[in-house]
K.L.:
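Encoded as structure tokens, here's the structure I'll be asking about.
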Amino acid sequence: MTTNRAEPSFRESVDLMFNRAAALLDLPPGLEEKIRVCNSTYTVRFGVKLRGRVQTFTGYRSVHSEHTEPVKGGIRYSLGVNQDEVEALAALMTYKCALVEAPFGGSKGGLCIDPREYDTDELEKITRRFAYELIKRDLIDPAQNVPAPDMGTGEREMAIIADQYARMNTTDINARACVTGKPPHAGGIKGRVEATGRGVQYALQEFFRHPEDIAKAGLSGSLDGKRVIVQGLGNVGYHAAKFLSEEDGSIITYVIERDGAIHDRNGLDIEDLHNWISEHGGVKGYPNGQYIENGSAVLEEECDILIPAALEAVINLSNAANIKAPLIIEAANGPVTAGANDILLEKGTVIIPDLYANAGGVTVSYFEWVKNLSHIRFGRMQRRQEESRHQLIVDELERLDAHLGGKWSMTPDFKQKYLRGAGELELVRSGLDDTMREAYAAMQEVWHNREGVKDLRTAGFVVAVSRVASSYQAKGI
Ligand code: GLU
């Protein structure tokens, strides 16, 4: 992706967005600066013996704000990782956690590596060594700093990190809470893998519950039948596209990937396309859609909703004016640069910002962390009790019905659904839905009512920054 020379860096972009919100808040002198700056960034260079020679890797863990601890944020494996990026992402984590009321400060880590170049055993060696370097400096710790998956990492890396921590802290009963996004059989929680994409779906569902907000984007109606372009069919884009198309009736007209885009005006079958990409490494040759070589030009196609779900800065000064989507939801972190943001706002585009839109991941991470600290799965105590109380009602209704001659009998579907108590996955989804609705309400209140706030991003930052500021002020800083 080439970006315009006049474009600020990712870090500067986040700071510009922060500044706009901070200017609307009456913060005590100096506090604005204290919140904006990144507290610390640790850089490590370590060697791992691979394929007969020592290879040196560079990694980072940045802590943006410790107003609440532990600090939280993913670890990314990508060749694009650098200090500016990690610091920008750590800052976004602070604001994201504050907005969705996850009790964490912001942090982020990254390793400069292309994970596709290494096999599973090599990646394990590299991950263990990186984790070791961070653990011995308390940059991974259940009470201080809790990583999670991000681009290029997933359940496997998190399980390795958790295991490495447990080996180095054999008597820490809360060891499993040192990292989230672990596989369910290794201390994880159901619904974490889908969480960020699920959160994007819930964010859109919530947006479409508010006719006045839908109208601001020049749209009407519901998600049903809306034409959607998804950029990036990684974990987040895949789940968001899958849920929107399978559950909300949205039509995914284009999917953009590394090697081009695929189009079907009647809607792509996301599961089928995802299987193809997993097998072939890209979209080229996919038989059930039209292939377009120039993927980034597809961002400028007509649609109702554009979902950038991959890299930062894909919508920038060079293409912002040509973007036709009236509604953009930032499933990725920082996909719209500060300059592009202003061009789009000028055009009336509504942007559901990253700090809200992709907060589903950290929200479910929060649930996982709580589960690890409480050492019990959600629903274990209540589920059967809830079922037996529901059974009482069903029995009573059936008794009354029989008494009245059986003419009002319940639909079997109702009975089956009502009788089933909520398991961990249902509870996680319910908690995530509630979180997304509450956070939207907080942003919307500021968006509609606060003088000088013209967009959802500024509203989100206003909510988040004022919460972080209150936390610092309560501590007397
Ligand atoms: N990496 C994800 C994010 O950017 C998740 C972070 C977490 O779960 O701590 O929000």
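We number each residue from 1, following the sequence as shown. Just follow the structure's listing: the first ligand is 1, and inside any ligand the first atom is 1. A quick note: this is a predicted structure, and the numbers were derived from the prediction, not measured.
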K.L.:
Quick one: list whatever passes salt bridge (charged side-chain N to carboxylate O under 4.0 Å, His left out) with E32, sequence neighbours left out.
P.N.:
R36

K.L.:
Any idea how F461 and Y95 line up, ring-wise: parallel (<30°), tilted (30 to 60°), or perpendicular (>60°)?
P.N.:
tilted

K.L.:
Return yes if some donor-acceptor pair links the side-chain N/O of K324 with the main-chain N/O of E300 below 3.5 Å, else return no.
P.N.:
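Yes; judged by distance alone, with no hydrogens or angles, the pair exists.
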
K.L.:
Kindly tell me which protein residues have any non-hydrogen atom under 4.0 angstrom away from an atom of ligand 1, grouped by chain and ordered by number?
P.N.:
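Only K72, G73, G74, M93, K96, K108, A148, P149, D150, R192, N333, G361, V362, S365 have heavy atoms that fall under 4.0 Å of ligand 1, ordered by chain and number.
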
K.L.:
Evaluate the side-chain proximity of Q231 to I307: yes if any heavy-atom separation is below 4.5 Å, no if none is.
P.N.:
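Heavy-atom side-chain distance check fails, nothing below 4.5 Å.
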
K.L.:
Which word best sums up how the rings of W276 and H280 line up, parallel for under 30°, tilted for 30 to 60°, or perpendicular for over 60°?
P.N.:
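Rings of W276 and H280: parallel, as their planes differ by under 30°.
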
K.L.:
Quick check with a 6.0 Å cut-off and a 45 degree axis cone: is R198 positioned over the face of F243's six-membered ring?
P.N.:
yes

